[in-house]
Amino acid sequence: MAWNEPGNNGNDKDPWNKKGGRDQGPPDLDEVFRKFSSKFGGLFGGKKSGNGGGGLGGAGLSFVLIIAAIVWALSGIYTVKEAERGIVLHFGQFDRIADPGLRWKMTFIETVIPVDIEAVRSLSTSGFMLTEDENVVSVEFQVQYRVIDPFLYKFSVTNADSSLEEALESALRYVVGHSKMDQVLTNGREVVRQNTWDELNKIVEPYNLGLIVTDVNFKDSRPPAEVKDAFDDAIAAQEDEQRFIREAEAYAREIEPRARGQVTRMTQEAEGYGERIILEAQGEVARFEKLLPEYQAAKRVTRERLYIDAMEEVLGNSSKVLVDVKGGNNMMYLPLDKIMDKQGNATRVALPSSSDINDLRNKVNTSRNSTVNSSSDRFGADRFNDGR
């Protein structure tokens, strides 16, 4: 049976706490809110209502506030690494730079943005670019940099890394556009690299990006694929040219010392020859000066002695013998070189007899005596006076 059915004695079961069960109206909202306030108001130090239980009181509220303050203070402790610097923002506005170590910030009021200032960052750019001689080349370039000012790096421009990349591409296109294709592809790569570095520094300096460029690398440069074979042939020819030049320089370095040595040797030989001739001339002069007094003392004997010495020197190395017979009109000629050749080639040679040898010896002695004793005027004085 329902609590409000007729005949039911259920006045105590009225949910609206009405003593009379016949009143079926809606509950009083003001009364409901009053009970709710009286029940939970004591928790924050309010008055107790009737016989209900009381709240925590002033001591409880203070304890809760202290715990909340401790938690808030501990939540603000943070650490900045050695390679980093912290940018502290106070309600979104820059306040200070936090150094490495254990730091504290006001939670919900301050914000810390860590920035690594020791790491070396890199970015690259590439693309087809037009050279000064109106040729297209594909260039790939890389730049390395690091942060030196965290505040400028974060707040000078919207994105410092993107700005640096755009500046790099602009500087590279400017330098390639003012260079010839051969310089970009072969022997001018270092010049292009250095010029790009300088141009990049000029572009980023007014923007104060808080960055410093540490190095730039010219990674690759190549012609378009359509003309790659022709460029490969041209590069190979240039390499051959350089190789031939180096070989010629090596050959010159090898020949030059040898030629200098030959020149030095010939110079020394010439100097030695000159000194030898001078000394020989001086010796002849000294011998003549010593011979002159002897000639003045005995002219005939000295002339004959000089003639004999001269003939001995001339005929000493000769393989032929000339014999002048006294009182005869013919001169005897003995070709000893021919005789010795025949002796070497013949298998059997007849030796001259002892009588032939004695006759030849007597003729030689007779000729010598006649030359010295009887023919001194004809062979000695005349030839000495004529200078022979």
Side-chain angles (χ1 to χ4, degrees), residues 40-46 54-126 140-172 193-219:
F40 294 98
L43 182 63
F44 300 99
L56 296 177
L61 179 61
S62 298
F63 179 76
V64 171
L65 293 176
I66 291 173
I67 294 299
I70 293 175
V71 173
W72 178 80
L74 294 177
S75 65
I77 298 175
Y78 66 96
T79 303
V80 179
K81 298 180 180 180
E82 182 66 26
E84 296 179 344
R85 297 293 183 272
I87 302 176
V88 182
L89 303 179
H90 190 81
F91 289 114
Q93 185 178 5
F94 174 76
D95 183 69
R96 65 186 182 276
I97 297 294
D99 294 329
L102 189 64
R103 303 296 173 187
W104 182 81
K105 64 180 177 65
M106 292 183 289
T107 306
F108 308 120
I109 298 176
E110 294 180 343
T111 304
V112 178
I113 303 175
V115 178
D116 194 340
I117 64 172
E118 293 186 3
V120 178
R121 310 163 190 244
S122 64
L123 56 88
S124 60
T125 183
S126 61
E140 185 176 358
F141 215 81
Q142 185 183 39
V143 62
Q144 296 179 352
Y145 65 97
R146 63 183 181 85
V147 180
I148 57 174
D149 193 327
F151 173 73
L152 295 178
Y153 175 71
K154 284 295 183 181
F155 299 107
S156 62
V157 293
T158 303
N159 190 337
D161 297 330
S162 178
S163 300
L164 181 62
E165 183 177 2
E166 294 176 358
L168 173 61
E169 184 173 359
S170 177
L172 181 60
R193 170 185 171 274
Q194 188 63 40
N195 292 340
T196 303
W197 194 346
D198 298 338
E199 189 66 24
L200 178 62
N201 289 331
K202 292 179 182 178
I203 293 176
V204 301
E205 184 178 359
Y207 293 97
N208 294 324
L209 300 181
L211 305 174
I212 181 173
V213 179
T214 58
D215 193 13
V216 293
N217 298 321
F218 200 162
K219 297 184 65 176

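If you're wondering where the values come from, they're calculated on a predicted model, not measured in any experiment.
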Ignoring hydrogens, what is the shortest heavy-atom contact between [X] and [Y]? Give both atom names and the distance.
| X | Y | result |
| --- | --- | --- |
| D116 | A83 | OD1-O, 2.9 Å |
| V157 | S163 | CG2-OG, 3.9 Å |
| V80 | G86 | CG1-N, 4.0 Å |
| A167 | V204 | CB-CG1, 3.7 Å |
| P114 | E84 | CB-OE1, 3.6 Å |
| T214 | W197 | O-CH2, 3.3 Å |

When you compare the side chain of [Y] with that of [X], does any pair of heavy atoms fall below 4.5 Å?
| X | Y | answer |
| --- | --- | --- |
| D198 | Q194 | yes |
| L172 | T125 | yes |
| N217 | F141 | no |
| L200 | V143 | yes |
| K105 | L89 | no |
| R85 | D99 | yes |
| H90 | R96 | no |
| S162 | E166 | yes |

From I87 CD1 over to I97 CD1, what is the distance, rounded to the nearest 0.5 angstrom? 5.0 Å
Sequence neighbours left out, what pairs pass ring pair (Phe, Tyr, Trp, His ring centres under 6.0 Å) with at least one residue falling in residues 146-170? F94-F151, F151-F155
State whether D215 and R193 are salt-bridged, where the test is any N-O pair (Lys NZ or Arg NE/NH1/NH2 against Asp/Glu carboxylate O) under 4.0 Å. yes
Going by an N to O cut-off under 4.0 Å, is there a salt bridge joining K81 and E118?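 Judged by the 4.0 Å cut-off on N to carboxylate O distance, K81 and E118 do not form a salt bridge.
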For T111 and V88: C-alpha separation, side-chain torsions, deciding distance, then whether side chain to side chain contact (heavy atoms under 4.5 Å, CB included) applies. CA-CA 6 Å; T111 304; V88 182; over 6 Å; no
Answer yes or no: is there a donor N or O on one side and an acceptor on the other, between the side chain of W104 and the main chain of A73, under 3.5 Å?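 Pair found, side chain donor or acceptor close to backbone of A73.
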